[in-house]
Amino acid sequence: MSEQRCRDLRVEHERRPLAVASPEPRFSWVADHAQTAYRIEVVDRAGITVWDTGRVPDGAGALIPYAGRPLRPLEDYTWRVTSWSAYGELREESHFGTAPDLSRWEAPWIEPAQSPTELERWSLMDWIRGSGPTTDPSERLRPVQLVRQRIALTEAPVRARLMVTARGVYSAWLGGERVGDEALAPGFDSYRHRMSVQTYDVTEHLQGGPTVLAIALADGWWAGRIGLTGSSAQFGDRTAVTWELHLTMPDGRTEIVRAGTGAISAEGPWTYADIFVGERYDARRAQQWTSTTFDDSGWAPVAVREGELSPLVAFSGEPVRRVMELPARSVTRTNDGVVVDFGQVIAGRVRLRIPALAPGCEITIEHTETLDAQGDWFVNISGINKEQTDVYVSDGRAVEWEPEFTFHGFRYARIRGLDALIADDVSAIVISSDLEYTGRFETSDPRLNRLHENVVWSQRGNFLSIPTDCPQRERAGWTGDMQVFVAAATNIARVTPFVTRWLENLRADQLPDGRVPIFSPRSAFDDEAITTASGFGSIVAAAGWSDAIAIVPWTLYERTGDVRILEDNYPAIQGWIAFQTATAAAEVPPALAGAELSAERRERQRLLYNTGEHFGDWLTPSTMEGKPTHEAIGIAPALTSELAAPMFQAHTLTLASRIAAVLGRANESQEYASRADEVRDAFAREYVGADASLPVELQGMYALALGLDMIPDHLRDAAAGRLVDLVHARGDHLDTGFLSMPYLLDALWDAGHRDLARAVLWQDRAPSWLYEVDRGATTIWETWDAVAADGSVREMSLNHYAFGCVDDFLVRRFAGVAPAAAGWRRARIAPDIEAPLDRVSAAVDTPFGEITSTWQRRGEVVDVEVVLPFGVEAELVLPDLTLTLHPGRNEVTAASSVRLTV
Ligand code: RAM
């Protein structure tokens with residue numbers, strides 16, 4: 001190995017965080033040697049050591065919890081790590097800051113003078129019927145509010161921290177300079193329960209002398225249109241902002257300046273701004289309103305809401321940022337505007353270079369993910385309040401412009417009002433939570449590579465403040481989608497802070513009876529909507545969706561070794577289990593209601609959570625064929641829910657048992673394990689035939705039953721045989737919905753049908769992943785036929801990561817990289833050198849550093865190379881060979897029965 005270093009020092013998964021929220025943050029690093037012991041020292045700004053672990057004999061440098069003197073809020077610390085091996089020591093230093101103590105927050109909420117946004121509430125039925133507002137967006141929406149507050153400073157502080165949060169989304173300027181580089185702050189939270197406060201280092205903004213804090217405040221997720229129905233004002237109908245500026249003066253004194261009575265407000269250039277509808281910017285109304293010298297004499301006083309209790313929390317995780325800029329691929333002039341293709345479906349917005357035009361000239365930008373078969377404009381996401389249209393009104397001057405308070409899901413933009421537009425004038429700005437994308441997967445098959453890229457892009461487009469189903473339609477934090485995708489997500493990026501934050505929201509949204517909602521954040525409007533709805537609209541919790549509360553933390557623990565994520569979520573898992581258990585005991589499926597049941601059968605029914613309304617194996621392809629979507633979507637739920645629900649019940653019990661064991665709760669672990677056994681036993685007696693048949697002959701039910709261990713051992717081969725038959729019956733195509741998709745290929749693989757798993761994967765007719773690739777997909781689609789073989793397009797999302805769960809299979813099986821113990825202390829590298837490929841190369845980030853696995857066919861042999869970081873014990877498993885790997889580069893040449901063209 002090259003130069004040995006102790007590197008990648010992190011606190012709570014982040015490098016040099018400014019405001020760590022946890023009072024006991026965890027420390028991690030990577031040491032390029034066989035560490036035998038470490039020492040951590042933490043020193044405050046005064047040079048006082050607040051924690052010194054002394055020399056700790058331990059090989060790992062992963063997530064070591066702080067155990068020194070209480071950390072002070074809003075403080076900066078330096079930390080040093082010393083890492084010893086048999087050959088010497090490595091040392092490195094880094095820094096972190098702590099979040100403010102929000103229990104001491106005194107600033108009030110500042111409410112700009114505004115008319116409350118008119119509540120626009122639409123039911124699911126309105127949505128399905130497509131009925132909704134017919135008025136112009138500008139009549140339905142209200143202006144962005146601008147707020148200014150003067151700050152009198154006699155001298156420049158040596159250190160300044162600005163803390164802000166808003167009901168709405170905000171952008172802030174201090175001393176005329178933009179604060180931070182975040183987009184859409186404070187992000188989406190379950191605002192009833194938590195408002196995230198951002199902390200910024202603004203020392204450089206303050207030179208002494210009077211200055212101004214300027215904040216623009218749009219409706220955002222708080223008051224704007226969100227969710228499936230696109231109803232507005234789901235959390236509140238007025239925007240507001242609160243902030244505190246903490247200054248350390250040269251003499252060491254602390255001064256605090258708070259949001260308050262000096263604040264004034266006005267309307268500015270944004271006539272409206274809404275996440276769904278888009279925004280309208282009227283440059284004629286623009287002024288230098290962020291500058292200190294601006295004449296604000298005509299501005300109105302704000303309402304100051306003192307003493308209102310607000311559930312403030314320190315923001316954790318990565319903020320949303322503008323993470324990439326994509327050039328235009330082509331610009332096509334049509335009879336109705338210029339259509340720009342960016343070559344990639346994204347979440348983001350268009351940036352335009354606008355020439356000098358006559359004042360008042362309007363430029364509109366519409367967005368869509370696809371064109372129709374003829375290449376004409378086609379909006380694949382329509383419906384109430386989902387216009388996705390931005391408008392710029394010229395003041396006569398040339399400018400570069402980009403919307404500020406919205407984002408769209410699109411690949412194509414249609415621009416009206418700029419007929420002379422050329423490619424250089426336009427780009428697409430990608431908006432996403434700013435995660436580190438660490439994974440790599442590449443093969444000799446360009447179609448597989450594109451599939452992987454499509455998954456990465458669907459993750460990027462949907463990891464936007466919260467994990468969403470799709471970035472153009474409801475943009476909601478659907479739990480089922482995340483549950484099936486999370487394993488793939490961990491290979492692609494460092495996701496723990498982002499997912500941890502979302503789980504905090506999900507737990508906050510859990511109902512008192514233990515139900516974990518089907519999406520989070522959830523609003524009071526959602527609570528109200530279910531009371532009048534029926535069918536899907538009435539679902540609060542659902543099998544395979546609510547189970548995200550167990551599956552997501554467990555997967556993260558397996559992939560990162562983060563025990564705290566188990567501790568934090570365990571009570572919520574117990575709550576969900578309590579709900580499932582109580583419901584199981586109280587209800588029987590409708591077909592059995594009123595029937596005389598034997599005592600034995602009644603007993604087993606009491607154990608099974610198999611009632612209620614669920615989404616089941618959502619969007620199972622064969623159940624959708626030849627039917628309009630609104631009719632088709634109900635079929636899989638009706639067929640599969642009774643079976644799927646107890647399978648996930650058993651799975652969650654098993655995960656709870658494993659989690660309890662990790663947390664040292666041996667009795668509870670035992671109890672959950674035996675309840676899981678009882679449920680599996682009851683399921684087998686109720687639903688599994690003597691010939692291993694299930695009452696629903698769909699691939700998904702067998703894939704789930706095998707993957708979730710619902711089939712008695714002596715029937716597993718027979719059940720796998722049935723699954724194989726069902727796959728053959730569909731011409732070796734998949735026929736699995738959301739819930740079973742992650743299990744199908746592994747079920748075939750584990751039962752020894754590797755060829756069939758590969759055949760399903762390499763299918764190029766729908767339903768299949770490579771069909772999408774062949775149709776030019778650049779992201780993963782919601783349904784396989786979103787674009788039909790003849791090119792005709794449907795109104796479906798083209799950016800839904802759920803079926804992208806296959807990416808985990810690609811990495812685990814073809815590159816063979818998988819953890820064998822939690823947090824990668826052990827790994828099993830079992831590359832599929834019999835795959836019909838010449839070459840595979842993958843990299844997966846672990847707490848110990850990156851593992852890479854590469855193999856390359858050379859005639860009758862295969863060269864395998866694995867690079868392993870220190871701290872991971874690993875075995876290489878090849879068809880006829882098992883080897884222990886050592887840190888650094890490992891090279892093996894293996895015989896292979898497969899011969900491909902090279
Ligand atoms: C759809 C969402 C999501 C899914 C639910 C059940 O509207 O897009 O993907 O989880 O329904």
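Read the numbers this way: they start at 1 and go in the same order the structure lists the ligands and their atoms. The structure displayed is predicted, hence computed values, not measured ones.
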How close does the nearest protein non-hydrogen atom get to [atom], and which residue and atom is it?
| atom | value |
| --- | --- |
| atom 1 (C) of ligand 1 | Glu474 OE2, 3.4 Å |
| atom 8 (O) of ligand 1 | Asp469 OD2, 2.7 Å |
| atom 10 (O) of ligand 1 | Asp481 OD1, 2.6 Å |

Determine whether any heavy atom of Phe738 lies closer than 4.0 Å to an atom of ligand 1.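 A heavy atom of Phe738 does come that close to ligand 1.
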Would you kindly check if the NZ (Lys) or CZ (Arg) of Arg460 is within the cone defined by 45 degrees around the ring axis of Tyr437 and under 6.0 Å from the six-membered ring centre?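 Judged by the rule (NZ or CZ under 6.0 Å from the ring centre, within 45° of its axis), Arg460 counts as positioned above Tyr437.
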Would one find an N or O of Arg473, backbone or side chain, under 3.5 Å from an N or O of ligand 1?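 In this structure, Arg473 places an N or O atom under 3.5 Å from an N or O of ligand 1.
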Side-chain donor-acceptor pair present, [X], [Y], cut-off under 3.5 Å:
| X | Y | answer |
| --- | --- | --- |
| Thr652 | Asp547 | yes |
| Tyr687 | Glu642 | yes |
| Asn462 | Arg475 | no |

Hey, is Arg140 close enough to Glu387 for a salt bridge, meaning N to O under 4.0 Å?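 Judged by the 4.0 Å cut-off on N to carboxylate O distance, Arg140 and Glu387 do form a salt bridge.
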Ligand 1 contact on Phe536 by region, counting heavy-atom pairs under 4.0 Å: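 Near ligand 1, Phe536 shows nothing, with every heavy atom at 4.0 Å or more.
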Quick check: does any side chain N or O of Asn380 sit under 3.5 Å from a backbone N or O of Met796, one acting as donor and the other as acceptor?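 Pair found, side chain donor or acceptor close to backbone of Met796.
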Measure from atom 11 (O) of ligand 1 to every heavy atom in Phe615, Trp618, Trp545, Tyr801 and give the option owning the shortest one.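 That would be Trp618.
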